Amino acid sequence: MSFFHFSLPSATSPEHILSEFKPTCVVGLVGHSRSDPSSMAAIINSSLPGAQFVLTKSTSEIQCFFDGDQGILYMYVGRHDDINKLKNLQQLFESQNSHLIHHQELTKLKHEEIKTWLWLFSVCHFIVVLHPSQSFDVEYIRLFRTTQQLLHHFAPKIKELYPDTELLATARIYRPRLLFVFQSNSASMHLPPKKGRQGFNQQCKRLGLEMETQIFHIFRKCRLLPKQNSRGTQQDLAHLPPPNELREPFVLFLDGKGRPSTESPSFKHVDTALYYISQLSATAPQYTQDVKEDTMTLGSFLKRNVKNLRSQAMQEKGDGYHFLPLGEWYSAAIQLYQFYCHAENQGNFSKLGPAKIVTQLDPEGQYSENRCQKAYPVASAAYMDSLPAHYTHATHQRQLQHALHILRTRAKGPAFSTYAAKLQEDCEAIWADGRKGCESISLTGNACVLPLHDSSRVHSNRLRMRSACSCGRSISYRSDPFTLESANHEFYISLSDKCCSTLPQHRLFGRNQLSWMICNIGPASSYQTTVGIEQPGFLLGSQYLLPWDLPPDEAWAPEPKNAWRGKRSVRCYVGYEYECSKGHRFYCTAGGVPVKGSPANMVKENSGGNNVLSDMVLYTTCPSHTNKPLLGQLMRIVVCSPEQVSLSVCLNVSYRNILISLTAPDNVQIPGGKMTVIRLPYVYCDENDNPLPFDIEAYLCKGALIPMRSNRRRNDKK
């Protein structure tokens with residue numbers, strides 16, 4: 001017995017193949033199995049003596065078995081959806097936990113498979129399609145159509161690459177014939193006795209012919225066969241005989257162990273089959289497992305078709321009817337294998353394969369591609385929506401995430417990651433193409449809107465806020481500050497030349513980065529309780545100072561409430577003034593509650609004293625009627641004290657457990673008999689001059705004003 005095995009691609013020398021001169025029939029076996037015990041490779045091995053096919057992880061590896069006695073070369077390749085390959089994909093998915101990797105590996109297997117099919121349909125006399133069930137898998141129709149289209153596409157290129165190879169004048173050696181083998185769902189069947197078995201076999205033969213008829217019409221409808229009354233040419237995909245023709249059958253049914261099946265392919269359960277058999281005879285027969293020795297097996301099925309083709313080749317000559325010696329066939333077939341499957345020539349497939357045809361192998365990927373193509377312009381427009389001419393990295397990331405969200409809601413499937421990466425790349429390119437903005441942030445939390453620039457250019461975000469000067473008598477627009485000096489010093493110095501510097505007494509304290517000012521705007525008697533503070537920007541009813549009654553003792557120490565009721569007190573007026581970015585000004589009581597007064601309803605209680613003895617919030621909500629509430633900031637303390645009362649100013653700010661002292665180490669004294677304005681910093685900083693953001697939890701500590709007896713009054717008393 002003369003036979004040997006080899007595989008493609010092969011690293012061994014093919015001398016033993018080239019030395020074979022016996023005319024050889026080439027049979028390609030393709031298909032997949034249900035499980036390991038009944039794998040298709042094992043079924044083939046049991047039917048072909050000497051065959052040793054095994055399951056492989058690759059769909060591109062072709063296992064070859066040459067039967068020298070019969071002159072037949074068998075080649076076996078699995079399917080991408082073989083149960084064992086699907087198990088490997090499942091393990092990969094569980095380890096990587098990525099649908100994309102799973103889809104990429106599955107698509108890779110499909111591409112390897114179609115390359116192998118292109119080669120098989122170019123070099124085989126027969127292609128046997130092995131089914132793991134009794135029903136025809138219509139998925140093969142898509143695979144057949146793709147193979148046919150790609151064969152037509154690559155034919156000119158093959159003729160151009162191999163002009164000296166006569167066997168490749170038509171771009172392939174043979175036009176194969178198709179055979180179909182179906183595997184029964186049941187592992188074994190109870191066969192009818194000899195008496196009733198003949199009728200049952202005839203019925204199975206009739207059902208087999210019906211299956212052949214259905215397959216033939218499916219191929220004809222899908223244009224996989226030549227036109228009616230045409231013998232076909234090498235340009236056709238394959239040869240399939242028409243129904244009702246005297247010939248060998250091209251459909252075979254096997255049981256789960258590779259034996260011939262007498263189970264009807266139209267029935268799924270044994271009980272139904274037994275009922276059908278009982279209708280063929282008057283009495284229900286007893287069943288036995290006797291099988292005739294002449295029943296057709298897979299091996300005999302293949303050999304009978306090969307024998308029939310050889311006899312036709314002797315009677316007539318035509319396309320697909322010649323048999324080449326194995327060595328001559330190998331020399332031509334290996335050139336086609338290198339073109340379709342060899343790693344060094346992968347560019348032939350990737351560059352020449354039309355995208356429209358190749359995408360038929362991956363309908364899920366094509367669906368995902370279509371969805372992503374429609375969603376991508378919408379997502380790209382979402383990124384550009386409301387973007388300024390120049391913007392920061394934070395704005396870029398926010399718009400990018402918004403665009404990715406739009407893409408994610410509209411795009412589906414494995415192509416999403418590719419389009420998401422493309423969207424990110426395109427958005428990065430848009431931002432980097434002269435649209436990068438300065439990353440500097442103002443002290444109020446707004447970004448600079450200028451293009452990316454160096455330190456020689458002043459930052460700006462084109463935001464303007466209304467703010468009063470140090471004394472409060474004038475209001476002007478100020479730019480959003482980016483430095484402590486511009487926030488606390490430069491703006492007020494620019495206004496002082498026109499307003500504050502004309503006052504008889506004004507003093508500037510602190511460093512340029514954290515300056516504050518005390519100025520006298522008139523005598524204490526200039527304040528009228530029925531009018532309030534007559535300065536621009538005050539909200540109606542909130543311009544009144546609050547009364548602050550001091551007990552008539554020498555210490556001026558705070559006492560419990562009502563401790564000196566009935567005694568003559570000394571009345572001062574004090575106001576904690578808040579200001580918002582719109583220039584709205586208002587006084588507040590303790591707790592940040594805006595003052596609401598009028599000439600007819602004046603505040604008479606000692607609410608001003610409560611303010612002095614309480615922690616005052618640095619930031620509170622502006623009471624102005626706006627759609628978006630604004631934040632008001634404590635900017636000034638206005639105090640009117642009689643001539644006999646001087647005040648010691650002690651300014652301490654509590655900011656997130658950080659105590660900032662503005663008057664340390666010595667308090668600042670202000671004389672009595674004056675209306676005094678204490679202008680506070682616009683932005684606070686820590687001991688390292690780091691700006692502190694606005695925080696509603698920041699407070700001006702109680703005891704900012706400490707009353708003292710005026711020295712002049714003490715001398716007069718003596």
Side-chain angles (χ1 to χ4, degrees), residues 100 369 371-411 415-467 476-491 494 512-514 580-582 619 627-628 630-631 633 656 681-686 688-695:
L100 176 61
E369 186 77 17
R371 288 291 299 266
C372 291
Q373 287 180 354
K374 294 180 179 179
Y376 185 83
V378 181
S380 181
Y383 173 80
M384 298 296 298
D385 185 30
S386 302
L387 273 180
H390 305 91
Y391 48 96
T392 63
H393 181 266
T395 304
H396 163 69
Q397 287 295 326
R398 183 175 63 252
Q399 290 294 107
L400 177 60
Q401 293 304 317
H402 175 61
L404 288 174
H405 174 72
I406 297 297
L407 182 66
R408 190 178 296 108
T409 56
R410 294 171 177 265
F416 168 76
S417 58
T418 302
Y419 278 83
K422 183 177 183 298
L423 178 63
Q424 185 169 357
E425 181 180 353
D426 291 347
C427 293
E428 291 283 352
I430 293 173
W431 182 51
D433 188 20
R435 302 196 65 173
K436 283 189 176 182
C438 179
E439 297 291 339
S440 297
I441 304 297
S442 70
L443 300 183
T444 60
N446 301 301
C448 176
V449 298
L450 298 178
L452 192 63
H453 60 89
D454 54 19
S455 58
S456 62
R457 189 173 182 181
V458 179
H459 299 293
S460 174
N461 53 20
R462 302 188 181 94
L463 294 179
R464 303 185 69 191
M465 297 164 285
R466 295 191 70 195
S467 183
S476 180
Y477 284 97
R478 67 182 302 168
S479 299
D480 195 6
F482 282 81
T483 62
L484 287 170
E485 185 174 359
S486 63
N488 298 331
H489 184 73
E490 292 179 355
F491 171 74
S494 64
N512 293 343
Q513 291 83 359
L514 189 54
C580 73
S581 59
K582 296 291 186 181
Y619 307 98
N627 295 331
K628 182 179 180 180
L630 301 175
L631 195 65
Q633 178 181 351
R656 295 183 183 178
Y682 185 72
V683 176
Y684 295 87
C685 66
D686 58 16
N688 297 322
D689 291 340
N690 296 317
L692 299 176
F694 296 91
D695 194 330

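Remember, it's a predicted structure, so these values are computed and weren't measured experimentally. For reference, positions follow the sequence shown, starting with 1.
The closest side-chain heavy-atom distance from Glu439 to His393 is below 4.5 Å. Contact annotation: the side chain of Met465 approaches that of Pro481 to within less than 4.5 Å [non-hydrogen atoms, C-beta and beyond]. Counting heavy atoms from C-beta on, the side chains of Leu484 and Leu514 never come closer than 4.5 Å. By the 4.5 Å heavy-atom criterion applied to side chains, Ser476 and Arg478 are not counted as neighbours. With contacts defined as side-chain heavy-atom distances shorter than 4.5 Å, the pair Thr444/Tyr682 qualifies. Looking at His396 and Tyr383, their side chains come closer than 4.5 Å, going by heavy atoms from C-beta outward. Residues Trp431 and Lys436 meet the side-chain proximity criterion, which asks for heavy atoms closer than 4.5 Å. A 4.5 Å side-chain heavy-atom check between Gln424 and Leu400 finds at least one atom pair inside the cut-off.
Atom CG of residue Leu423 and atom OG1 of residue Thr418 lie 12.5 Å apart, to the nearest 0.5 angstrom. Atom SG of residue Cys685 and atom CG of residue Leu692 lie 7.0 Å apart, to the nearest 0.5 angstrom. Atom-to-atom distance recorded for His489:NE2 and Ser494:OG is 10.0 Å, nearest 0.5 angstrom. Of the inter-residue distances, the one linking Gln399 atom CD with Ser386 atom OG reads 7.0 Å to the nearest 0.5 angstrom. Distance check: Phe416 CZ to Cys372 SG gives 7.5 Å after rounding to the nearest 0.5 Å. Summarising the geometry, atom CE belonging to Met384 is positioned 5.0 Å from atom CD1 belonging to Ile430; distances are rounded to the nearest 0.5 Å.
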### Message
Before you tell me yes or no, could you show the steps for Tyr419 and Glu369 under side chain to side chain contact (heavy atoms under 4.5 Å, CB included), namely the whole-Å CA-CA distance, both residues' side-chain angles and the distance that decides it to 0.1 Å?
### Response
CA-CA 9 Å; Tyr419 278 83; Glu369 186 77 17; 2.5 Å; yes

### Query
Passes side chain to side chain contact (heavy atoms under 4.5 Å, CB included), Arg462 versus Leu450? Steps please.
CA-CA 9 Å; Arg462 302 188 181 94; Leu450 298 178; 4.1 Å; yes

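When all heavy atoms are compared, the tightest approach of Thr392 to Cys438 is CG2-O, 3.2 Å. Nearest approach of Ala382 to Ile406, heavy atoms of both residues: CB-CG1, 4.0 Å. Residues Ala375 and Arg410 come closest through the heavy atom pair CB-CB, 3.4 Å. Pro691 and Val683 make their closest contact through CB-CG1, 4.4 Å (heavy atoms, listed as atom of the first residue, atom of the second, distance). Here the closest non-hydrogen pair linking Asn461 and Asp480 is ND2-OD2, 2.7 Å. Summarising the geometry of Pro681 relative to Asn488, their closest heavy-atom pair is C-OD1, 3.8 Å, with the distance given to 0.1 Å.
Using the six-membered ring where Trp is involved, His459 and His453 have ring planes that are tilted, between 30° and 60° apart.
In terms of modelled atom types and a separation under 3.5 Å, the side chain of Ser486 and the main chain of Glu490 share no donor-acceptor contact. Looking only at distances, a side-chain donor or acceptor of Arg435 sits under 3.5 Å from a matching main-chain atom of Ala389.
Judged as a salt bridge (Lys or Arg N to Asp or Glu O under 4.0 Å), and not counting sequence neighbours, Asp385 has no contacts.
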